[in-house]
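Keep in mind it's a predicted model, so treat the numbers as computed, not measured. No hydrogens, no waters, no symmetry mates; every other heavy atom, side chains included, goes into these values. In listed order, ligands and their atoms are each counted from 1. Residues take their numbers from the sequence shown, with the count starting at 1.
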Amino acid sequence: VTPDQVRQVVAAAVRAPSVHNTQPWSFDVESDVVGVRADRSRQLIAQDPEGRELLLSCGAAAFHAWLAVRGLGRSADLAWLPEPGDADLVARVTAGGREAPDDSVRRLLAAVPLRHTDRSAFAAEPVSDEVVGTLRAAAEREGAWLLAAVGPDQEVLVDVLASRADALLQSDDAVRHELAGLVSPRGVPAEGLPYGALPEHGWGRGSSLPLRDFSPAATSGPIVTEPPVAEHPLLLVLGTPDDTPADWLRAGAALARVLLLATAEGLVANPQTAVLEVPALRARLREELGLAGRPQMLLRAGWPTGPGSPHTGRRDLADVLTERSST
Ligand SMILES: Cc1cc2nc3c(=O)[nH]c(=O)nc-3n(C[C@H](O)[C@H](O)[C@H](O)COP(=O)(O)O)c2cc1C
């Protein structure tokens, strides 16, 4: 892998979604091997004390790196936690012999620069069962599962749990402080969330699933006189058989694959993790939906109505990439 190709691979990796755009990763590259390291200094201690969401984010970046190596026309092997003594080396992507990228790789790779979290209201058209089936298969390829919460019973259940989670987190000073530190009032910052990417609150938005409120001090959005059309996003729960660090990494890879495929299909999506950050509510979600494993992520997805939320920034490659010579 040449130095230019290394930069291409890492540039694709950092476009991965990460919890509130914390980008908790770094990359160590030596000839044909890309090591993905967790950067624990970027962990959100109040919201993510176990580092579950940090590893989901790293798993997503590792999947993007794997995809980009395949895009170079090489075979690629993705190994999770390859060194038992080094818990922060979370993944290793090794480029092998020549292997032309297939259509699926090409499609997902083309979606990398287009994918972004969209918190704006979605169109009313439902997402077909056929599309949901392809997303489910994408999650399963990475060792995870995906379940659509359908019908009023399940939709109301998710709504109630997600709303309760948001209210509980909003009443926790440490979480509020952490969230406030992640939002930039102007411009597109290199990390964290630009104000324009956040959902509108107050009277401006009707939805069957409320979105996390990032601005508790300024809840009153612009008051609109026309009542908004309530959206009914597709609600997807992504999960894994167990709840180990390896499961969290696989869930991140599955999340990345599902989001890229959704983008390729023309869908937009928004990960929602508040309900998974409150252990009692996470357990309720699991029990009430009769889930066989552990839920790792809630996603709202749907068809876009406009340009959607702006893209978020990324740190410079120089800040996250270390290239080692193999001699
Ligand atoms: C583990 C994880 C948790 C996330 N949780 C939320 C969330 O609760 N609410 C939300 O609006 N976005 C959430 N996101 C989306 C991130 O904010 C988003 O990926 C990040 O800001 C980068 O922006 P992009 O996805 O547009 O590239 C989450 C993403 C990940 C990977």
Side-chain angles (χ1 to χ4, degrees), residues 11-25 38 42-44 46-48 50-64 111-122 144 158 161-163 165-166 168-170 175 178-179 182-184 188-201 205 207 209-215 233 236-240 247-260 262-263 268-278 281-282 295-301 304 307-315:
V14 303
R15 283 316 311 169
S18 64
V19 56
H20 308 332
N21 203 20
T22 47
Q23 305 164 50
W25 48 53
R42 295 179 162 266
Q43 185 171 343
L44 299 174
Q47 289 165 72
D48 183 28
E50 290 180 295
R52 189 185 66 85
E53 297 180 58
L54 175 137
L55 289 189
L56 268 146
S57 308
C58 291
F63 178 78
H64 277 216
V112 167
L114 305 175
R115 184 214 61 81
H116 69 294
T117 299
D118 194 336
R119 301 176 186 83
S120 62
F122 299 158
V158 173
L161 295 180
S163 307
D166 204 33
L168 280 172
L169 294 169
Q170 288 296 346
V175 171
E178 221 169 51
L179 278 180
L182 289 159
V183 177
S184 284
V188 177
E191 55 196 288
L193 299 166
Y195 200 77
L198 301 180
E200 331 87 63
H201 279 88
R205 176 81 167 264
S207 177
L209 181 72
L211 277 83
R212 184 187 293 246
D213 186 352
F214 285 87
S215 55
L236 298 168
V237 182
L238 186 146
T240 47
D247 285 284
W248 301 338
L249 290 163
R250 279 196 205 96
L255 175 70
R257 189 186 269 279
V258 166
L259 291 175
L260 290 173
T263 304
V268 282
N270 175 191
Q272 288 285 306
T273 38
V275 67
L276 303 164
E277 289 171 6
V278 182
L281 297 177
R282 188 179 182 209
Q296 303 291 357
M297 180 62 80
L298 174 66
L299 279 174
R300 59 184 276 285
S309 318
H311 289 222
T312 49
R314 291 296 185 272
R315 290 188 286 153

Please report the C-alpha distance between R314 and N21 in whole Å, then the side-chain angles of each, then the deciding distance to 0.1 Å, and finally whether the side-chain contact (heavy atoms from CB on, under 4.5 Å) criterion is met. CA-CA 8 Å; R314 291 296 185 272; N21 203 20; 3.2 Å; yes

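Each of C58, P17, S18 was scored for a side-chain contact (heavy atoms from CB on, under 4.5 Å) with Q23, with one residue passing: S18.
Within the 4.0 Å heavy-atom criterion, the part of R119 lying near ligand 1 is the side chain and not the backbone. At a heavy-atom cutoff of 4.0 Å, ligand 1 is contacted by the backbone of S18 but not by its side chain.
Remark: Q272 pairs with N270 by the side chain to side chain donor-acceptor pair (under 3.5 Å) rule, at least two apart or across chains. Every residue two or more places apart in sequence or in another chain that forms a salt bridge (Lys or Arg N to Asp or Glu O under 4.0 Å) with E277 is listed here: R212.
A cation-pi arrangement is absent between R257 and F63 under the rule of less than 6.0 angstrom and at most 45 degrees off the ring axis.
Assignment of E191 to the shell around ligand 1 is not supported, since no heavy atom sits closer than 4.0 Å. Residue contacts with ligand 1 include Q272, since one or more of its heavy atoms lies under 4.0 Å from the ligand.
Between the side chains of R52 and Q296, at least one donor N or O lies within less than 3.5 Å of an accepting N or O. Side-chain N/O atoms of H20 and E53 include no donor and acceptor closer than 3.5 Å.
When each atom of ligand 1 is checked for a heavy atom of E53 under 4.0 Å away, the hits are 1 (C), 3 (C). Short contacts between ligand 1 and R115, defined as distances under 4.0 Å to a heavy atom of the residue, involve ligand atoms 24 (P), 25 (O), 27 (O). Taking every heavy atom of T312 and a limit of under 4.0 angstrom, the matching atoms of ligand 1 come to 21 (O), 22 (C), 23 (O), 24 (P), 26 (O), 27 (O). Within the listing of ligand 1, atoms 10 (C), 11 (O), 12 (N) sit less than 4.0 angstrom from a heavy atom of N270. Shown in contact with L193 at under 4.0 Å from a heavy atom are these atoms of ligand 1, numbered in order with element: 17 (O), 21 (O). Distances below 4.0 Å separate heavy atoms of V19 from the following atoms of ligand 1: 1 (C), 2 (C), 3 (C), 29 (C), 30 (C), 31 (C). Contact atoms of ligand 1 toward P17: 19 (O), 25 (O), 31 (C) (distance under 4.0 Å to a heavy atom of the residue).
With hydrogens and angles ignored, the 3.5 Å screen pairs a side-chain donor or acceptor of R42 with a backbone N or O of T22. Checking side-chain atoms of H64 against main-chain N and O of V14 turns up no donor-acceptor pair under 3.5 Å.
When the options R52, Q296, H116, R314 are ranked by their closest heavy atom to atom 27 (O) of ligand 1, first place goes to R314. Considering each of C58, P271, A269, the one bringing a non-hydrogen atom nearest atom 28 (C) of ligand 1 is P271.
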